[in-house]
Amino acid sequence: MKVFKFGGASVKDAEGIKNVYSVLQQVGHEDVLLVISAMGKTTNALEVVIKNYFDKSAELLASIQEVRKYHNQILLELFEDENHAVFAAVGKIFSDLEVFLKGTKSPNYNYVYDQVVSLGEVVSTTIVSHYFNHVGLKNTWVDVRELIKTDNTYRDAIVDWDATQKNISKGIKKKNLNITQGFLGSDENNFTTTLGREGSDYTAAIFAYCLNAESVTIWKDVPGVLNADPRYFDNAVLLNQISYREAIELAFYGATVIHPKTLQPLQRKEIPLYVKSFVNPLLPGTSVSKGADLEPQTSCFIVKKNQLLISLSSLDFSFIMEENISEIFLLLHKYRMKVSLIQNSAISFSVCVDDKFGNFAELKAVLSKKFKVTYNDDVSLYTIRHFSDKSEATVTTGKEVLVKQTSRETLQIVTKEIA
Ligand code: ADP
Ligand code: ASP
Ligand code: MG
């Protein structure tokens, strides 16, 4: 079996969905599991709904209506007959959402978040599955929440591999074209969970691992893995072949073309990963596989924007030692900060973090009881794999360098735009 993942960009409109059909016609669709994300920016739009709900904003219904209209427009372009069952199926998902928001009493933001954002994937797969049937491509719609089991860390759930393995072995019919949702799972009470933003690549890897798939292909709006994000760097070049090791490093440092959790399950079973263009599906793209000799011959650039550089120093000039550092890390973990760089000296300790969940104000209040806390917000973290003097200059020119760190293959620089 092959696992294909189509992300938000590939299904952002009716043309995109028709293109997914065309890709399958070109590359084959027998014995394939399709993992599909929410359409376009739907997840962001549903985040607005959740915010409006918790803020008790008068905009709540309008924000739901906006998401609904966006999908309805796509439906109108895909299906001539408004009596087609898909209209009712999608309509029901949105009316269920309104019922849920009216009825829930939960003050747990992250729980409500997962119940709501997950609808993006439920709607997209419902539309794609109906459309494929409509144009004669028979398929089975699979509810991933019945297969991928997780703990209840809403918004960043951890997979229960044993339960998931059992469910997937039983629940997926080989030889069919199966269509399922990326990003979602469910906890032991069957409440929906999500695997972290952009987590659909990871879903593809979970299925591939459990099905012993032949390969995973993630279809993107770029030709494959490039040596830099073309949105921020000119002249990015395609990496034809890279090792799991290189891919995991690139993804870990923030090359968003592959979700970082994707590589580990694939590497364990040596399942090849292909990153290909959904615009030119017959081109080879990038292949990620075993092999130490697949190091890129060129510098690779990764940028993480909007990071926080937090520096702590002791209030009484005492050293920052193991016991303080472990306490600091417990707090970073508790407030769900993703640490991307660490630097310490005798009496100070700095971390560059991604405050994905907006918890810094709370964390700062706690840390300030023990440390002097200073910070720079809105800094950029540049990582260069296989760096050179020339590649370093590319990222530092015209910027203030706050931290610079080098290891054998990797250079990391925290910069601030000069105002
Ligand atoms: P999806 O539609 O699957 O969610 P993403 O938008 O998450 O796809 O990933 C594709 C995007 O990743 C590209 O449009 C590109 O801007 C970005 N990207 C970041 N780093 C790289 C890289 N090294 N190579 C290719 N694309 C990259
Ligand atoms: N729809 C989810 C998100 O936008 C998951 C994904 O696209 O991978 O984060
Ligand atoms: Mg994405």
Side-chain angles (χ1 to χ4, degrees), residues 3-13 16-17 19-20 23 34-48 50 67 113-114 116-125 144 148 155-157 180-185 192-206 216-240 242 246-262 273-279 285-286 288 296 298-305 356 381-386:
V3 179
F4 288 171
K5 179 257 171 172
F6 285 91
S10 66
V11 290
K12 69 178 192 308
D13 50 24
I17 295 166
N19 182 61
V20 172
V23 171
L34 280 191
V35 173
I36 300 179
S37 311
M39 294 175 167
K41 302 278 176 225
T42 299
T43 309
N44 295 2
L46 289 167
E47 285 185 339
V48 174
I50 297 151
V67 185
Y113 179 104
D114 279 359
V116 175
V117 284
S118 52
L119 299 183
E121 271 68 13
V122 176
V123 175
S124 68
T125 50
V144 76
I148 296 187
R155 295 178 76 181
D156 206 7
T180 198
Q181 306 77 36
F183 181 49
L184 316 183
T192 302
T193 55
T194 62
L195 306 175
R197 285 298 310 260
E198 302 296 329
S200 298
D201 293 348
Y202 181 40
T203 304
I206 296 168
V216 173
T217 306
I218 52 179
W219 298 93
K220 300 275 170 174
D221 60 356
V222 281
V225 180
L226 308 172
N227 75 324
D229 186 339
R231 283 175 302 176
Y232 305 117
F233 294 85
D234 296 332
N235 311 321
V237 295
L238 179 68
L239 307 175
N240 299 304
I242 51 174
E246 186 64 31
I248 207 165
E249 296 279 0
L250 292 172
F252 171 80
Y253 288 118
T256 53
V257 65
I258 309 176
H259 188 279
K261 286 186 182 166
T262 313
L273 170 68
Y274 301 106
V275 183
K276 294 194 190 206
S277 158
F278 59 70
V279 183
T286 300
V288 183
T298 172
S299 296
C300 297
F301 300 84
I302 302 137
V303 57
K304 279 190 175 179
K305 303 226 169 198
K356 281 195 177 161
L381 171 64
Y382 285 92
T383 303
I384 310 178
R385 299 263 308 149
H386 319 291

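Side-chain atoms are counted along with the backbone in the values below, which use heavy atoms only and exclude waters and symmetry mates. Remember, it's 1-based here, ligands and their atoms both numbered in the order they're listed. It should be emphasised that the depicted structure is a prediction, and the values quoted were computed from it without experimental measurement.
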**Q.** N or O contact, A9 vs ligand 1, cut-off under 3.5 Å
**A.** yes
**Q.** Nitrogen or oxygen of E198 less than 3.5 angstrom from that of ligand 1
**A.** yes
Q: Please could you name the atoms of ligand 2 that R197 approaches to less than 4.0 Å, counting only its heavy atoms?
A: 3 (C), 4 (O), 9 (O)
Q) Does T256 offer a backbone N or O that forms a donor-acceptor pair with the side chain of D229 under 3.5 Å? A) no
Q.
Has S299 got a side-chain atom pairing as donor or acceptor with H386's backbone, closer than 3.5 angstrom?
A. yes
Q: Please confirm whether the backbone N or O of V257 pairs with a side-chain atom of K220, one donor and one acceptor, at under 3.5 Å?
A: yes
Q. Which residue and non-hydrogen atom of the protein lie closest to atom 11 (C) of ligand 1, and at what distance in Å?
A. D221 OD1, 3.9 Å
Q. In this structure, are over 12 heavy atoms from other groups packed under 6.0 Å from F252 atom CZ?
A. no
Q.
Check for me: within less than 2.8 Å of the Mg ion (ligand 3), which protein N/O/S atoms show up?
A. E198 OE1
Q) Of all the heavy atoms in G199, does at least one lie under 4.0 Å from an atom in ligand 2? A) yes
Q) For atom 26 (N) of ligand 1, which protein heavy atom lies nearest, and how many Å away is it? A) V257 CB, 3.5 Å
Q | Residue-ligand contact G8/ligand 1, heavy atom below 4.0 Å | A | yes
(Q) Under a 4.0 angstrom heavy-atom cut-off, which atoms of ligand 2 come close to T43? (A) 1 (N), 2 (C), 3 (C), 4 (O)
(Q) Using side-chain heavy atoms (C-beta onward) and a distance below 4.5 Å, is L250 in contact with R385? (A) yes
Q. Just heavy atoms, cut-off under 4.0 Å: does H259 contact ligand 2 by side chain, backbone, both, or neither?
A. neither
(Q) If I compare all heavy atoms of A236 with all of A228, which pair ends up nearest, and what's the gap? (A) CB-O, 3.5 Å
Q: State whether the number of non-hydrogen atoms from other residues, nucleotides or ligands found under 6.0 Å of K304 atom NZ is greater than 12.
A: yes
Q: Please confirm whether R231 comes within less than 3.5 Å of ligand 1 when only nitrogen or oxygen atoms on both sides are compared.
A: yes
Q) Quick one: does V225 get an N or O within less than 3.5 Å of an N or O on ligand 1? A) no
Q) Among all protein non-hydrogen atoms, which one is nearest to atom 20 (N) of ligand 1, and what is the separation to 0.1 Å? A) D229 CB, 3.5 Å
Q | Heavy-atom nearest neighbour in the protein, as seen from atom 23 (N) of ligand 1, with distance rounded to 0.1 Å | A | L226 O, 3.0 Å
(Q) What protein heavy atom lies closest to atom 8 (O) of ligand 1? Include the residue and the distance to one decimal. (A) K220 NZ, 3.3 Å
Q: Please determine, by modelled atom types, if T194 and D114 share a side-chain donor-acceptor pair under 3.5 angstrom.
A: yes
**Q.** Donor-acceptor pair, side chain of E121 and main chain of A38, under 3.5 angstrom
**A.** yes
**Q.** Pairwise side-chain contact, W219 with V20, heavy-atom cut-off 4.5 Å (strictly under)
**A.** no
Q: Give the residue and atom name of whichever protein heavy atom lies nearest to atom 3 (O) of ligand 1, and the separation in Å to one decimal.
A: K5 NZ, 2.6 Å
(Q) Is any side-chain heavy atom of L239 closer than 4.5 Å to one of C300? (A) yes
Q) For ligand 2, does S200 get within less than 4.0 Å through its side chain, its backbone, both, or neither, judged by non-hydrogen atoms? A) both
Q | Check: D201 N/O within less than 3.5 Å of ligand 2 N/O | A | no
Q. In terms of residue, atom name and distance, what is the protein heavy atom nearest to atom 25 (C) of ligand 1?
A. G224 O, 3.4 Å
Q.
Using modelled atom types and a 3.5 Å cut-off, is there a donor and acceptor pairing between side-chain atoms of Q181 and backbone atoms of V144?
A. yes
Q. Is there a donor-acceptor pair under 3.5 Å between the side chain of T203 and the backbone N or O of F183?
A. yes
Q. Do the side chains of V222 and P230 get nearer than 4.5 Å, heavy atoms only?
A. yes
Q. Which of the numbered atoms in ligand 2 are below 4.0 angstrom from a heavy atom of E121?
A. 1 (N), 2 (C), 5 (C)
Q. Going by heavy atoms in the side chains, are R197 and E47 under 4.5 Å from each other?
A. yes
